[in-house]
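Predicted model, so just to flag it, every value in this text is computed and none were measured.
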Amino acid sequence: MHPTLNIAIRAARKAGDVIIRHVDRVHQLTIDSKSRNDFVTEVDRMAEKEIISILHQKFPDHGILAEESGAHNEDNDYLWIIDPLDGTTNFIHGFPQFAVSIALQHKGVLEQAVVYDPISQELFTASRGQGAHVNNRRLRVTAQKALPGALLGTGFPFRNPEHLDAYMGMFKAFMPDTAGIRRAGSAALDLAYLAAGRLDGFWEIGLNKWDIAAGVLLIREAGGLITDFSGGENFMESGNIVAGTRRLVPVMLRNIKPHCTDALAF
Ligand code: IPD
Ligand code: CA
Ligand code: CA
């Protein structure tokens, strides 16, 4: 295993410990609202502190982009992209679907990825060119080619109601043709599940870099494809993401594109 990935795993497990220590005490936590429907707890902040302290100790010059504390030294060739707790709303409600997400980019290329589910203790990892794994088992996306029979994951644009009509158009286009659509509440874990072959496809509007960076590398290393809504590569900037098997993504795009407003073109 790549030594840098090992450090990222250590950081993700430490953050997972913080989360688990508080999982039975969520009613005692202070919950702040960052913006509409965007919550943060002291657990998000504590978990992020643990991650950054481990990474910083080992790689003091590396840049950091973390959800709760923002960007530091972002111009360094190496950039860690961190979501200490993806699925905070689930966590607050005791709904056991949330994860720690950590990725490393070098000169803009994703190199290492960890998504850790502290409840199931599933550790999803990937290094560029070395494949993706869950608890050391090799991951592979499914062989799904068409919508009939496909299980899709998604996220609702609950913080961006201006995209709700476009989103509902996409949802309606998919629903009658697929085996089912799941909204589990942690984009990082949804993407890891796709890499693991538990979902065939995924789409969501307006995600942040820290929601998707690790999941993107997991999917690529598991043989899948990720694009923006135009079929291009702008998803890290736009946050509009379509992911799935190589054959399914073009089919998904045909259902998504007719509903895209100008603001969702990429
Ligand atoms: C959220 C989750 C959710 C997605 C939201 C994200 P957070 O992350 O990934 O599935 O629909 O857009 O913001 O806020 O819980 O870290
Ligand atoms: Ca997130
Ligand atoms: Ca988060």
Check: Hey, which of I256, L253, N234 is the one that makes side chain to side chain contact (heavy atoms under 4.5 Å, CB included) with T227?
Finding: L253
Check: How about F235 and W203: are their ring centroids closer than 6.0 Å?
Finding: no
Check: Hey, is CD on Q57 packed in by over 12 heavy atoms from elsewhere, all under 6.0 Å?
Finding: no
Item checked: Any residue meeting side chain to side chain donor-acceptor pair (under 3.5 Å) with D211, in chain and number order, not counting sequence neighbours -> none
Note to self: Would you say that more than 12 heavy atoms from the other residues, nucleotides or ligands in this model lie under 6.0 Å from the CG of N135, or not?
What the structure shows: yes
Notebook entry, point to check: More than 12 heavy atoms of other residues, nucleotides or ligands under 6.0 Å from CZ of F171: is that the case?
Noted result: yes
Note to self: Between N90 (side chain only) and A184 (backbone N and O only), is there a donor and an acceptor less than 3.5 Å apart?
What the structure shows: yes
Check: When hydrophobic residues are tied together by side-chain contacts of less than 4.5 Å, even through go-betweens, does I102 share a cluster with L110?
Finding: no
Note to self: Can you confirm whether D165 is buried at CG, in the sense that more than 12 heavy atoms of other residues, nucleotides or ligands lie under 6.0 Å from that atom?
What the structure shows: no
Check: Can you name the one residue among H56, H72, H62 that meets side-chain hydrogen bond (donor to acceptor under 3.5 Å, both in side chains) with W80?
Finding: H62
Notebook entry, point to check: With sequence neighbours excluded, what pairs up with F91 under the ring-ring contact (aromatic ring centres under 6.0 Å, His included) test?
Noted result: F98
Check: Would the number of heavy atoms belonging to other residues, nucleotides or ligands and lying under 6.0 Å from NZ of K14 be above 12?
Finding: no
Notebook entry, point to check: Do the non-hydrogen side-chain atoms of R10 and I7 ever get within less than 4.5 Å of each other?
Noted result: yes
Margin query: Testing the 3.5 Å rule here: is there a donor-acceptor pair between the side chains of D44 and T88?
Written below: yes
Notebook entry, point to check: When you check the side-chain N and O atoms of S127 and Q112, is any donor under 3.5 Å from an acceptor?
Noted result: yes
Notebook entry, point to check: Between I219 and F202, is any pair of side-chain heavy atoms under 4.5 Å apart?
Noted result: no
Notebook entry, point to check: Will you find, in the side chains of T4 and Y78, an N or O donor that is under 3.5 Å from an N or O acceptor?
Noted result: no
Checklist line | Heavy atoms from other residues, nucleotides or ligands near CZ of R247 exceed 12 (cutoff 6.0 Å) | finding: no
Notebook entry, point to check: How about Q97 and S186: does a side-chain donor come under 3.5 Å of a side-chain acceptor?
Noted result: no
Item checked: Exercise: identify the closest heavy-atom pair between I226 and A243 -> CG1-CB, 4.0 Å
Check: Does D117 reach the main-chain N or O of A99 with its side chain, forming a donor-acceptor pair under 3.5 Å?
Finding: no
